[in-house]
**Q** 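To start, I am sharing the structure in question, which I have written as structure tokens.
Hydrogens, waters and symmetry mates play no part in the numbers below; they use all other heavy atoms, side chains included.
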Amino acid sequence: MTSPLVEDLLRTLAPQVLGVLVRRHGQFYACEDAVQEALLAAATQWPAQGVPDHPRSWLVTVATRRLTDEWRSERARRDREVAVAVREPAYAAVAPPADEEPPAGDDTLKLLFLCCHPALTGSAQVALTLRAVGGLSTAEIARAYLVPEATMSQRIRRAKQKIEAAGARFVLPSAADRDERLRAVLHVLYLIFNEGYTASSGGELHRTELTQEAIRLARELHRLLPDDGEVSGLLALMLLTDAHRAARTGPGGELVPLAEQDRGRWDRAAIEEGMALVTEALTWSPPGPYQVQAAIAAVHAEAPSAAETDWPQIVALYRVLARIAPNPMVTLNQAAAVAMVDGPRAGLALLAPLDADDRTAGHHRLAAVRAHLLELAGERDAARAAYLAAARATTSLPEQRYLEVRAARLGTDR
């Protein structure tokens, strides 16, 4: 069994090793498969034999051998020994000599951009990022997303084929394309974190391996791009949100809403780090969506109790967020905050247009927020019906149980 220390080391080294191979040889598809085999060999050998003195070089050597063996087999099968032997690698013109490797961080950033190539769908970007940059195995990714390993393997294989077909190069995007591509990278990390923090389906509320991996990758991105306010904002948002994790579930795994959480169980170190990041970023960077969301999370983190939360400040921040990044989920959260300042009827009025929006109509979160506001307004029967509708719509068992309990209480507390 691989030790946690070895696992962490392998996940840190995975993008570095892949970057070396892709720069030297091109052919992302073949290089990524070779790196995965090298990681598997390390996970098997290092716990028993010890970590080598130069683990990155060890992995590069093993992966290169696997790659060479694959190419030799291919040449033998196709009887093209001579043609392949004289062919220059496609990336030879841009790959530096082996003794002139650029910093490993350059490779990680290039890989993030490559895995978030616009030719890929969002789900493919997530899967490929976790595999190539995160170093997770196909089986680990499949377990996290509750799909068969064969399905995830096929998804990753198609993603690699699309990257090859699109002619994507292992270089940083031009200045003109970078902002757009960086937004895709941030969005992928955001999706990975959210799936880990509140799993969309299954019996567990959290998938800690995903939240931890998203935070690790966000830290790496922040190290590489320390002067980007939205990178700082996303890392701050993740830290401030994940700080609640220990208090979000009760002894039986049941969901505990924010207002009822034991704030003494919140991770104060993560909160302090997140608050420092977003505070510093907002002093010099124009506010972006992740910074504003982090600022909202910071206001919650500062409050000694739910009753002492500065709701007017949160409402003001949601208005800023709705202006710079309007979407129905922002409206949904804004409605809950407005209800705390102007009363539940004001919040319900904000929710009304969302029934006609295809992105939220029938979504369990819309029904759940409406149920909460109806309960605050004293409309018990309507609230109970909305809680039950939300419970039927969600595929998360902890959320479903929580919503059913809320509905049951409204039916008995007469």
Side-chain angles (χ1 to χ4, degrees), residues 3-12 105 108 130 133-136 144 186 189-199 204-251 253-285 287-310 313-314 317 333 398:
S3 71
L5 288 176
V6 169
E7 286 184 3
D8 289 345
L9 179 59
L10 291 177
R11 286 177 180 169
T12 299
T108 300
L130 287 172
V133 188
L136 274 67
L186 294 174
L189 297 184
Y190 183 68
L191 291 176
I192 294 169
F193 178 83
N194 283 343
E195 180 60 29
Y197 191 68
T198 303
E204 300 295 329
L205 183 64
H206 303 120
R207 300 196 186 286
T208 308
E209 70 277 17
L210 288 182
T211 54
Q212 289 179 341
E213 188 58 26
I215 290 171
R216 186 183 74 82
L217 293 176
R219 283 191 188 281
E220 179 67 9
L221 191 60
H222 179 257
R223 186 182 69 79
L224 299 171
L225 300 173
D227 296 328
D228 190 288
E230 277 294 81
V231 172
S232 298
L234 179 60
L235 177 56
L237 175 61
M238 289 180 179
L239 291 168
L240 290 164
T241 303
D242 194 54
H244 301 178
R245 178 160 38 93
R248 287 185 74 222
T249 53
E254 67 275 13
L255 188 153
V256 181
L258 180 66
E260 300 172 19
Q261 289 175 15
D262 176 2
R263 298 186 178 214
R265 299 184 66 198
W266 287 3
D267 185 340
R268 300 313 304 183
I271 288 172
E272 290 174 8
E273 182 183 359
M275 290 180 68
L277 278 167
V278 68
T279 300
E280 196 264 340
L282 286 170
T283 62
W284 53 264
S285 172
Y290 295 115
Q291 292 171 75
V292 177
Q293 289 179 75
I296 293 169
V299 175
H300 282 295
E302 288 177 320
S305 67
E308 297 171 272
T309 301
D310 189 347
Q313 185 180 0
I314 289 177
L317 287 167
N333 291 324

**Q** Taking C-beta and beyond as the side chain, do Phe193 and Leu237 meet within less than 4.5 Å on heavy atoms?
**A**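 They are not in side-chain contact.
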
**Q** Would Ile314 and His300 count as a side-chain contact (heavy atoms from CB on, under 4.5 Å) here? Give the steps.
**A** CA-CA 8 Å; Ile314 289 177; His300 282 295; 3.4 Å; yes

**Q** Between Leu255 and Pro398, what is the shortest heavy-atom contact and its length?
**A**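 Leu255 and Pro398 have their closest heavy atoms at CB-O, 4.3 Å.
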
**Q** Which pair of heavy atoms, one from Tyr190 and one from Gln293, lies closest together, and at what distance?
**A**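 Looking at all heavy atoms of both residues, the shortest contact is OH-OE1, 3.0 Å.
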
**Q** Where do Ala294 and Val278 come nearest, in terms of heavy atoms and distance?
**A**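 Heavy atoms only, the tightest pair is CB-CG2, 3.7 Å.
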
**Q** Do the side chain of Thr279 and the main chain of Ala276 share a donor and acceptor less than 3.5 angstrom apart?
**A**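 Looks like no, no N/O pair under 3.5 Å.
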
**Q** I need the minimum non-hydrogen distance between Ala236 and Gly274, along with the two atoms involved.
**A**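 Looking at all heavy atoms of both residues, the shortest contact is CB-O, 3.3 Å.
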
**Q** Angle class for the Trp266/His244 ring planes (parallel below 30°, perpendicular above 60°, tilted otherwise)?
**A**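 Rings of Trp266 and His244: parallel, under 30°.
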
**Q** With rounding to the nearest 0.5 Å, note down the distance linking CZ in Arg216 to CG in Leu189.
**A**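 CG of Leu189 is found 10.5 Å from CZ of Arg216.
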
**Q** So with a 6.0 Å cut-off around CD of Glu204, is the heavy-atom count from everything else above 12?
**A**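 Open.
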
**Q** Show your reasoning for whether side-chain contact (heavy atoms from CB on, under 4.5 Å) applies to Thr208 and Arg245.
**A** CA-CA 9 Å; Thr208 308; Arg245 178 160 38 93; 3.7 Å; yes

**Q** With rounding to the nearest 0.5 Å, note down the distance linking CD1 in Ile192 to CD in Gln212.
**A**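 Separation between the atoms: 13.5 Å.
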
**Q** Could you measure the distance from the NE2 atom of His222 to the CG atom of Leu234? Nearest 0.5 Å is fine.
**A**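 Reported to 0.5 Å precision, the distance equals 10.5 Å.
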
**Q** Is Gln291 reaching over with its side chain to a backbone N or O of Ser232, donor-acceptor style, under 3.5 angstrom?
**A**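 Not at all, since once roles are kept as given, no pair shorter than 3.5 Å links the two residues.
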
**Q** Measure from the side-chain N and O atoms of Glu230 to the backbone N and O of Tyr290, and report whether any donor-acceptor pair falls under 3.5 Å.
**A**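 Yes, the answer is positive, given that a donor and an acceptor are paired below the 3.5 Å cut-off.
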
**Q** Assess whether a salt bridge exists between Glu273 and Arg219, defined as any Lys/Arg side-chain N lying under 4.0 Å from an Asp/Glu carboxylate O.
**A**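 Looking at Glu273 and Arg219, the cut-off is met.
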
**Q** Where the side chain of Arg265 meets the backbone of Ala246, is there a donor-acceptor pair that is under 3.5 Å apart?
**A**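 Yes, because the side chain of Arg265 sits within donor-acceptor range (under 3.5 Å) of the backbone of Ala246.
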
**Q** List the residues meeting side-chain contact (heavy atoms from CB on, under 4.5 Å) with Thr198, not counting sequence neighbours, and say none if there are none.
**A**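 By the side-chain contact (heavy atoms from CB on, under 4.5 Å) rule, Thr198 matches Leu205, Arg248, Glu399.
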
**Q** I'd like to know if the side chain of Arg263 and the backbone of Ala303 have a donor-acceptor N/O pair within less than 3.5 Å.
**A**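 Side chain of Arg263 to backbone of Ala303, a donor-acceptor pair under 3.5 Å: yes, one is there.
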
**Q** If you compare all heavy atoms of Gly196 against all heavy atoms of Thr211, which two are closest, and at what distance to 0.1 Å?
**A**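 Answer, listing the atom of Gly196 first, then Thr211: C-CG2, 3.3 Å.
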
**Q** Verify side-chain contact (heavy atoms from CB on, under 4.5 Å) between Leu235 and Leu221, making sure each step is shown before the conclusion.
**A** CA-CA 9 Å; Leu235 177 56; Leu221 191 60; over 6 Å; no

**Q** Specify the closest pair of heavy atoms between Leu240 and Ala298, including all atoms of both residues, with the distance to one decimal.
**A**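 What the structure gives for the nearest pair is CD1-N, 3.9 Å.
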
**Q** So Asp310 and Glu302, side-chain contact (heavy atoms from CB on, under 4.5 Å) or not? Walk me through it.
**A** CA-CA 9 Å; Asp310 189 347; Glu302 288 177 320; over 6 Å; no

